Amino acid sequence: RAAATTGSAAAPGTGSAQAGRAAACQGCPNQGLCAAGAAGPDPAEAAELRARLRAVRHTVLVLSGKGGVGKSTFSALLAHGLAADETKQVALLDIDICGPSIPKMMGLEGEQVHQSGSGWSPVYVEENLGVMSVGFLLSSPDDAVIWRGPKKNGLIKQFLRDVDWGEVDYLIVDTPPGTSDEHLSIVQYLSATHIDGAVIVTTPQEVSLQDVRKEINFCRKVKLPIIGVVENMSGFVCPKCKNESQIFPPTTGGAEKMCQNLGVSLLGKVPLDPAIGRSCDRGQSFLAEAPESPATLSYRNIIQRIQEYCEQHHLQEEKIM
Amino acid sequence: TLAERANLAGVQHILLVLSGKGGVGKSTLSTELALALRNAGKRVGILDVDLCGPSIPRMLRVQDSAVHQCDSGWVPVFVGQDKAIALMSIGFLLERPDDAVVWRGPKKNALIKQFITDVAWGDLDFLIVDTPPGTSDEHISTVEALRPYQLLGAILVTTPQ
């Protein structure tokens, strides 16, 4: 649009190979930045990342676009759910550099990262569930990480390159809201290996869906498969009178309508349960604390669908090979 | 430069609405605060620097509006019942509302600087700046670009958890 306001012909778009180089780019304040090209890993770095992540079987990104919809909550519960099978090795990577919620949610506040000859050691919640987050690198939990994009990208690369994850069945990556440095970087760095797909989290309101549609478009732009959408905070059942209320009314049809319109899978809807927030604050697994909650049932169904998607995807890949 | 100062020269008070956490109600508060101040007879503007998830246009039902240029820069979109609240957001610059703005920091910084120096805000009692979650590029750039002006202060929004 900046080009349009200076009267030029159609701009090539920031993702295009012509970005910054076309005639229409003249005069746009971002011309230099586009022309400099995307900051992906160079071949040597890509090889390093590939080697480090060779033993990771499945990678799932948890995205939103909108903040505060339950990405970290979902990532933590997905990790717990998958790790319930003791034969599976699960890794949870938190790349929300400014607002890392995972350490608190996993009951790991105050833990530190240790170095060994083979790299940084993840912090283990269970023997088969390891976690990494910038939260573990802060001297105090209230320290603000006030970093611009390039520095954030550097740390994300380190998380992938220097952490000794070992053999991992599932690598879950929790992301911050938005479609910016962290998201571009993780997709570019992980292109050295492969990503099974993205789970996109939303709430029923249009203000959330608006941002989530953008996230879906981001995934399509960077060719990231979408496993499906999870609708959190989808209704509240009063524990006293059992009446159901829509705390975040789906004024435009909620995630269901959006998924229909955009041709993506709705993995499930999770109702609001005050015990979820409480478990997160206490660093406990909600699935273990409230096994009878309707929300637990929803989460478990969604986790199973994700597992099935990953297994199927793996079988297809093996067939091709 | 003198020209850069000029577009915010008529603004009496600049308020930042911040959180750190997403989804706590920053945009909701920014919108309601603007409407309440307008109701109390004040001249109000809103600057939405959430480039990835701009919520304000939809909240004020102007998501289909476009911005125009004048001699002193970009003209904000006027919203509210009496069309007297000035609003600038990246939402108005998108070809399609579902287009993702997939920009790294430097590009975001350039646009935020433009929003602060190139928008013809005119005379306002209050300019409310709505921000995205986090403490990163948008926040650093906004505070740096606003340094020459009268920053009243920041309102921090949270939920109880």
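Residue numbers start from 1 in every chain, and the chains themselves are labelled A, B, ... in the order their sequence lines are given, proteins ahead of strands. None of these values were measured; they are calculated from a predicted model.
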Under 3.5 Å, is there a donor on one side chain and an acceptor on the other for [X] and [Y]?
X	Y	answer
A:Thr202	A:Ser208	no
A:Asn153	A:Ser185	yes
B:Ser141	B:Lys108	no

>> At a 4.5 Å cut-off on heavy atoms, which part of A:Lys152 comes close to chain B: side chain, backbone, both, or neither?
In response: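 When you check distances to chain B, only side chain atoms of A:Lys152 fall under 4.5 Å.
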>> What part of A:Asp181 gets within 4.5 angstrom of chain B, counting heavy atoms only: side chain, backbone, both, or neither?
In response: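 Both backbone and side chain of A:Asp181 come within 4.5 Å of chain B.
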Are the charged groups of [X] and [Y] less than 4.0 angstrom apart, N to O?
X	Y	value
A:Asp281	A:Arg278	no
A:Glu206	A:Arg213	yes
A:Lys71	A:Asp174	no
B:Glu144	A:Arg148	yes
B:Asp98	A:Lys214	no

> Of B:Leu152, B:Val143, B:Val49, B:Ile155, which is the lone residue that meets side-chain contact (heavy atoms from CB on, under 4.5 Å) with B:Leu16?
Replying inline: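 Result for side-chain contact (heavy atoms from CB on, under 4.5 Å) with B:Leu16: B:Val143.
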> Quick one: which residues of residues 20-27 of chain B reach chain A at under 4.5 angstrom, heavy atoms only?
Replying inline: B:Lys21, B:Gly22, B:Gly23
> Counting a contact as any heavy-atom pair under 4.5 Å apart, which residues of residues 83-90 of chain B contact chain A?
Replying inline: none
> For B:Val62, does its backbone N or O pair with a side-chain atom of B:Ser65 as donor and acceptor, under 3.5 Å?
Replying inline: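 Judged by distance alone, yes, a pair lies under 3.5 Å.
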> Would you find a donor on one side and an acceptor on the other, under 3.5 Å apart, between the side chain of B:Ser19 and the backbone of B:Thr158?
Replying inline: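 No: the side chain of B:Ser19 does not pair with the backbone of B:Thr158.
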>> I'd like to verify something: which residue of A:Ile216, A:Leu184, A:Val212 has the highest number of heavy-atom pairs under 4.5 Å with chain B?
In response: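 Of the candidates given, the most pairs with chain B belong to A:Leu184.
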> With under 30° as parallel and over 60° as perpendicular, where do the rings of A:His183 and A:Phe218 fit, or are they tilted in between?
Replying inline: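 The rings of A:His183 and A:Phe218 stand perpendicular, inter-plane angle above 60°.
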> What residues of residues 252-263 of chain A sit under 4.5 Å from chain B when you count only heavy atoms?
Replying inline: A:Thr252
>> Just so I understand: if I count every heavy-atom pair under 4.5 Å between each of B:Asn109, B:Thr159, B:Leu51 and chain A, which residue has the most?
In response: B:Asn109
> Given a strict heavy-atom distance threshold of 4.5 Å, which part of B:Pro133 is in contact with chain A: side chain, backbone, both, or neither?
Replying inline: side chain
>> Just to verify, which of B:Arg38, B:Lys42, B:Gln12, B:Arg43 counts as forming a side-chain hydrogen bond (donor to acceptor under 3.5 Å, both in side chains) with B:Asp125?
In response: B:Arg43
> How close do A:Pro271 and A:Lys269 get, heavy atom to heavy atom, and via which atoms?
Replying inline: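 A:Pro271 and A:Lys269 have their closest heavy atoms at CD-O, 4.0 Å.
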>> So, using salt bridge (Lys or Arg N to Asp or Glu O under 4.0 Å) as the criterion, who are the partners of A:Asp142 when residues are at least two apart?
In response: none
